[in-house]
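Within every chain, numbering begins at 1; the chains are lettered A, B, ... in the order of the sequence lines, protein sequences first and strands thereafter.
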Number of protein chains: 2
Amino acid sequence: MTNKPTKDLTPPAPKAAATGVRAAPPRRRVPGSSPPRNLHGHVLHELGQRIVGGELRPGELLPREEALADQMQVSRTALREAMKVLSAKGLVESRPKVGTRVRDPRFWHQLDADVLAWRCALMPTEDFVRKLVEMREVIEPAAAAAAAVRCSVEQLERLDAAYAAMAAAKDLDDWAQADLAFHEAVLNATNNELMASLFSVIETALGTFFVLSARTAKDFKYSLPHHQKVLEAIRRRQPDAARRAMLRMVDDSRANIEKRRRGAKV
Amino acid sequence: MTNKPTKDLTPPAPKAAATGVRAAPPRRRVPGSSPPRNLHGHVLHELGQRIVGGELRPGELLPREEALADQMQVSRTALREAMKVLSAKGLVESRPKVGTRVRDPRFWHQLDADVLAWRCALMPTEDFVRKLVEMREVIEPAAAAAAAVRCSVEQLERLDAAYAAMAAAKDLDDWAQADLAFHEAVLNATNNELMASLFSVIETALGTFFVLSARTAKDFKYSLPHHQKVLEAIRRRQPDAARRAMLRMVDDSRANIEKRRRGAKV
DNA sequence: GATTTTTATATTGTACTACAATATGACTGC
DNA sequence: GCAGTCATATTGTAGTACAATATAAAAATC
């Protein structure tokens with residue numbers, strides 16, 4: 001577990017110091033987070049993806065700040081601001097004299113939107129998809145039930161609007177956007193901001209599903225009836241019906257994803 | 001919604017620049033997070049608590065970095081490192097020329113351990129406790145069921161150890177520590193790190209409960225049988241029994257907290 | 001020779017300065 | 001009245017210097 005200070009950490013950006021613009025790394029477009037326009041944002045993403053992606057392994061000691069800043073072609077100031085954020089997400093730990101170490105995944109803030117997005121930067125593993133689905137099965141039926149009990153008329157209107165947008169969707173992109181809005185509206189309708197903050201997980205799960213099902217883009221509206229049942233149960237203030245309808249939706253989605261996986265073994 | 005640059009933001013620390021040590025703010029000891037030893041850690045906590053505690057209101061424009069750094073008696077460098085973390089937690093948003101603004105609570109990362117701890121820095125509201133309990137009702141029964149299906153022998157041993165520590169607890173502190181370990185062990189036993197990351201919520205909920213029940217510290221072991229039922233159900237690989245037992249435990253805990261609240265209206 | 005104490009040293013932590021980038025708002029011209 | 005231009009305030013970035021800290025080597029002591 002010795003350090004390798006000579007390991008290549010240089011980002012793909014081919015010294016674009018003149019323009020100040022850095023070339024985007026050739027990675028998949030991640031759903032949730034918009035590409036950073038700040039320098040420390042770039043550094044943050046770069047290091048975050050390398051750590052979560054496994055390129056930088058847990059326990060590994062990063063080069064010292066000055067060297068790392070040089071390799072990344074940024075100032076130590078910018079690097080440190082990125083490091084503080086990585087540290088806040090539980091990915092690294094810095095101590096004087098000893099250096100900055102990648103922490104064990106046990107300490108990572110797995111529900112953080114960036115961490116989730118970085119996990120999906122590469123094609124997500126079957127195991128990770130399973131875990132995402134499990135989270136959906138736990139969260140969304142409960143949220144639907146709570147929404148049926150407590151949602152306001154404004155929140156119901158937002159649900160209606162999202163459903164209408166899904167019904168009117170002309171392509172997969174439209175559908176994906178409206179679908180996301182629907183599930184976010186359900187979480188918000190619980191009037192529990194802790195529940196609503198779990199949207200990062202749902203968003204990642206749905207985004208992954210959309211990517212996996214992208215090649216068979218036809219029949220993307222197949223789950224519309226499921227959504228309608230959830231909506232109607234919430235409107236009628238029937239928590240149990242809402243829970244069951246949502247659970248059916250998620251289970252159906254899981255079955256669908258497993259079928260696709262078996263079909264076109266990536 | 002105009003800015004008030006003269007608003008007092010000076011921390012309680014009475015210019016302890018000579019020693020470098022800052023006086024601890026007279027706030028409640030928060031359960032999860034250890035007091036920061038770094039300067040930007042202090043600044044982070046200070047600003048975080050003020051924002052989450054409502055002293056700095058959403059939409060409000062903070063003083064510019066130089067002025068704020070002066071008021072906090074730290075360098076702009078340290079202040080900015082704290083700001084980046086606050087920004088990563090969704091609490092503030094900085095833009096050139098316009099300044100740093102406190103964001104709407106809708107954007108706060110409510111599941112972040114620090115944000116949760118800051119919400120509990122003041123006495124938590126009844127509403128917040130209700131939301132915490134709702135989260136427990138959703139998360140923990142599902143986790144217990146998943147643990148019954150998938151937990152390993154090592155994980156079961158950790159559960160056993162935590163239960164033994166609870167049974168052997170001599171005072172409320174011992175009990176609280178072991179109780180926390182038990183619930184963490186259940187989450188870990190799901191073998192789903194996303195589920196395990198929800199421990200910050202459980203920790204906050206249990207911590208709040210301990211504080212609320214501190215004055216009636218006798219009979220703190222009353223929930224031991226509940227824990228035993230959960231443990232045995234997991235050991236016997238009975239997910240439904242585990243789910244029901246855990247749900248009973250949480251509901252019992254909720255009833256208990258409501259009774260205390262009605263009794264000693266704070 | 002083993003153990004404790006001291007010292008050296010490498011790395012992060014903090015402060016300060018200077019300047020670049022950027023978005024707002026006022027000003028100008030039409 | 002409206003579009004375009006420019007001044008300006010604030011954050012963003014870079015660089016330097018030094019303080020604090022923890023490891024490891026070295027020295028002193030038993």
The single option from R119(A), Q49(A), H45(A), H109(A) passing side-chain contact (heavy atoms from CB on, under 4.5 Å) against D114(A): H45(A)
Given atom [atom1] of [X] and atom [atom2] of [N], what is their separation to the nearest angstrom?
{"X": "N38(B)", "N": "dA15(C)", "atom1": "CG", "atom2": "P", "value": "11 Å"}
{"X": "E81(B)", "N": "dT13(D)", "atom1": "CD", "atom2": "P", "value": "13 Å"}
{"X": "H42(A)", "N": "dG12(D)", "atom1": "NE2", "atom2": "P", "value": "14 Å"}
{"X": "L61(B)", "N": "dT24(C)", "atom1": "CG", "atom2": "C1'", "value": "12 Å"}
{"X": "L39(B)", "N": "dT14(C)", "atom1": "CG", "atom2": "P", "value": "5 Å"}

Presence of salt bridge, E154(A) and R158(A), under 4.0 angstrom: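 So R158(A) does not pair with E154(A) through a salt bridge.
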Sequence-distant partners of E157(B), salt bridge (charged side-chain N to carboxylate O under 4.0 Å, His left out), two or more places apart: none
Check: Q110(B) side chain, P105(B) main-chain N or O, donor-acceptor pair, under 3.5 Å: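 Side chain of Q110(B) to backbone of P105(B), a donor-acceptor pair under 3.5 Å: yes, one is there.
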Exam field: side chain S200(B) to backbone D112(B), donor-acceptor pair closer than 3.5 Å: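 No.
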Where protein sits on nucleotides 5-12 of chain C, one letter per nucleotide: B base, S sugar-phosphate only, - none, heavy atoms under 4.0 Å: ----BBBB
N or O in side chain of S75(B) less than 4.0 angstrom from dA15(C) OP1/OP2: yes
Phosphate-side-chain proximity, H40(A) and dG12(D), N/O vs OP1/OP2 below 4.0 Å: no
Residues in side-chain contact (heavy atoms from CB on, under 4.5 Å) contact with E65(B), at least two apart in sequence or another chain: R76(B), L79(B), R80(B)
